Amino acid sequence: MSPLTGHADSTPSDRSAVLHFPEGFLWGAGTAAYQVEGATAEDGRGPSIWDAFCARPGAVLNGHSGDPAADHYHRYAEDVDLMARLGLRAYRFSVSWSRVQPDGRGPLNPAGLDFYARLVDALLDRGIIPALTLYHWDLPQALQEQGGWGARETAARFADYASAVACRLGDRVPLWATVNEPWCAAFLGHAAGVHAPGLVDPALSLRTAHHLMLAHGLAAQALRAAADSRARVSVSLNLSPVGAATDTTADHEAARRIDGLLNRMFTNPLLLGAYPDDVQADTSHMTDWSFVRPGDEHTIASPIDLLGVNYYFPMTVAEGDAALGPSPWPGAETVRFRVPEERPVTAMGWPIEPAGLTKLLRWLHTRYPHIPLLVSENGAAFEDHVDRTGQVQDIERVCYLRDHLAAVHAAITAGVDVRGYFVWSLLDNFEWALGYSKRFGITYVDYTTQRRLFKSSARWYRDVMAANAVPSC
Ligand code: IFM
């Protein structure tokens, strides 16, 4: 059984110690194109599946959409100033595919590429490392109309797009990620139907997951060919330790299935060159996996330099008796997710469990010892508000970040090669199906005026980055 399927042990760090990070540790913060840019119909950008999904009545809370989000498309220079004031070493952002190639194939949109070139140059001028993600869920709608990620062809189109972006920016961007969180794109989008493109088809979701992974492998090869030889290539996965709610065989079996679909289904082909047998067996009643063609797993395992780890919470699962509706877990639809009663939760209802991050990093290191890790997302939504003194005193977020950084530190101390940490998120932004109702930023965004305001967590994080250390508290 995977050591990830067990209870996450609570090991709160000694808060009286200053935690020093290795020299050169990469401190950053992230955003994603559709969540912050706005300007969805400007300068030749084509529609993406998220524009189409947001237009569907009832799909997104309050009918919100990615317009205007944080208006980053127009305010990027101001935002780079904010980053410089924070002392950010790196900024993780994503490129909107339909902004640079409106139909997802064929002609490029020079104005779209110019935007990212301006952003990259502004970052470099301020000494901030651009960390570019090629795909954070916003497939060009034109490709969706030709089968989307269910079509194998889309993976080839993605490699062309990767090549085009690398031809323009490959001399200046040192850190690349191909795909962000393929689990979400595949299963929330094609099995549960709660993310774009809003489909409920479990068999399709598995094919989609494979095509996203194939797209990653092809894009990794395209980046090697087109970008500077010093460019580092990665992919970001949302991963979690999965524990059984009780010691019953049924709950342990549920944990194995969820661990397979969430973690090993992505890490195994990437780092071991093969999909896990148990995941294929668990889903064999819905697909024969013939979408995996000879050579595909080899392509997916194309060498990468870093694995991006997006961690928010561990999962505790129990077997149930029937599916409760569309599920993002093909072949494990009856599994129930529990939040242990004593655990505090974020505004998303996600349990706060920093020890889960240490556990996850250690598991990755044990199972795939040669790949350096980067925490490419970690953070939390809380009910932030501007108080009477004009401040956002998000002490819960400060504690969340402190404890999760301590968890990263514990993993490093245990010998895990973790190269950096990116807070999610630099700015409050569009939280997908939850619209603007959840704030993950360390910078508050007033969506009426677009005014930015550092929260207490931003000032705390600035001091951490400056000291390369987490202070005692
Ligand atoms: O906002 C998202 C991000 O786009 C992907 N990872 C999780 C974040 C919080 O839900």
Side-chain angles (χ1 to χ4, degrees), residues 28-38 48-51 53-54 60-61 64-66 69-70 72 91-97 131-139 177-189 192 194-197 209 212 216 234-240 262-263 266 307-315 328 337 339 345-353 356-357 360 374-384 394 396-397 400-401 404 421-445 447 457:
T31 63
Y34 195 72
Q35 293 181 272
V36 296
E37 283 179 5
S48 80
I49 56 173
W50 270 95
D51 297 296
F53 189 67
C54 292
V60 174
L61 191 67
H64 288 159
S65 77
H72 185 61
Y91 174 52
R92 175 178 182 255
F93 63 95
S94 80
V95 170
S96 155
W97 185 347
L132 185 158
T133 298
L134 286 164
Y135 188 73
H136 199 120
W137 307 353
D138 44 357
L139 186 74
T178 53
V179 176
N180 182 68
E181 300 184 353
W183 181 91
C184 296
F187 298 138
L188 294 177
V194 295
H195 275 193
L212 280 156
H216 154 76
S234 70
V235 56
S236 287
L237 304 179
N238 53 305
L239 302 170
S240 293
L262 177 68
N263 299 317
F266 298 95
L307 176 67
V309 178
N310 295 1
Y311 171 81
Y312 290 90
F313 59 96
M315 293 180 184
F337 291 78
V339 176
V345 295
T346 68
M348 298 289 280
W350 295 346
I352 301 176
E353 183 50 71
L357 179 52
L360 174 63
L374 177 78
V375 178
S376 42
E377 282 186 27
N378 177 241
F382 289 108
E383 304 293 343
D384 300 319
D394 58 337
E396 286 168 299
R397 186 173 289 103
Y400 180 101
L401 296 178
H404 284 77
Y421 175 93
F422 285 68
V423 171
W424 185 267
S425 172
L426 174 71
L427 301 168
D428 287 337
N429 59 52
F430 175 75
E431 179 55 21
W432 307 111
L434 298 173
Y436 296 97
S437 66
K438 302 293 174 213
R439 294 180 176 272
F440 273 87
I442 56 172
T443 308
Y444 186 89
V445 176
Y447 293 115
S457 56

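Index from 1, following the sequence. Side-chain atoms are counted along with the backbone in the values below, which use heavy atoms only and exclude waters and symmetry mates. Remember, it's a predicted structure, so these values are computed and weren't measured experimentally. Counting starts at 1 for both ligands and their atoms, following the listed order.
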Min N/O separation [X] to ligand 1 under 3.5 Å:
{"X": "Trp424", "value": "yes"}
{"X": "His136", "value": "yes"}
{"X": "Trp137", "value": "no"}
{"X": "Asn310", "value": "no"}

For the residue pair [Y] / [X], report whether a side-chain donor-acceptor contact shorter than 3.5 Å exists.
{"X": "Tyr312", "Y": "Asn238", "result": "no"}
{"X": "Asn378", "Y": "Tyr400", "result": "yes"}
{"X": "Tyr91", "Y": "Thr31", "result": "yes"}

Original post:
Between Phe382 and Asp394, does a side-chain contact (heavy atoms from CB on, under 4.5 Å) hold up when you go through it step by step?
Top reply: CA-CA 8 Å; Phe382 289 108; Asp394 58 337; 5.9 Å; no
Original post:
Are any non-hydrogen side-chain atoms of His216 and Tyr135 less than 4.5 angstrom apart?
Top reply: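 They are not in contact (no side-chain heavy atoms under 4.5 Å apart), so the answer is no.
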List ligand 1 atoms under 4.0 Å from [X], heavy atoms only on the residue side.
{"X": "Glu431", "answer": "1 (O), 2 (C), 9 (C), 10 (O)"}
{"X": "Phe440", "answer": "9 (C), 10 (O)"}
{"X": "Glu377", "answer": "3 (C), 5 (C), 6 (N), 7 (C), 8 (C)"}

Subject >> Trp350 heavy atom under 4.0 Å from ligand 1 >> reply: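 So Trp350 counts as touching ligand 1.
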Original post:
Applying a strict 4.0 Å limit to heavy atoms, is Lys438 in contact with ligand 1?
Top reply: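 No heavy atom of Lys438 comes that close to ligand 1.
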**OP:** Considering heavy atoms of the protein only, find what lies nearest to atom 8 (C) of ligand 1 and give residue, atom and distance to 0.1 Å.
**Re:** Tyr312 OH, 3.5 Å
**OP:** Please state whether the rings of Trp137 and Trp432 are parallel, tilted or perpendicular, taking 30° and 60° as the class boundaries.
**Re:**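 Plane angle between 30° and 60°, so tilted.
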Subject >> His195 vs Phe187, side-chain contact (heavy atoms from CB on, under 4.5 Å): CA-CA, chis, key distance, verdict >> reply: CA-CA 9 Å; His195 275 193; Phe187 298 138; over 6 Å; no
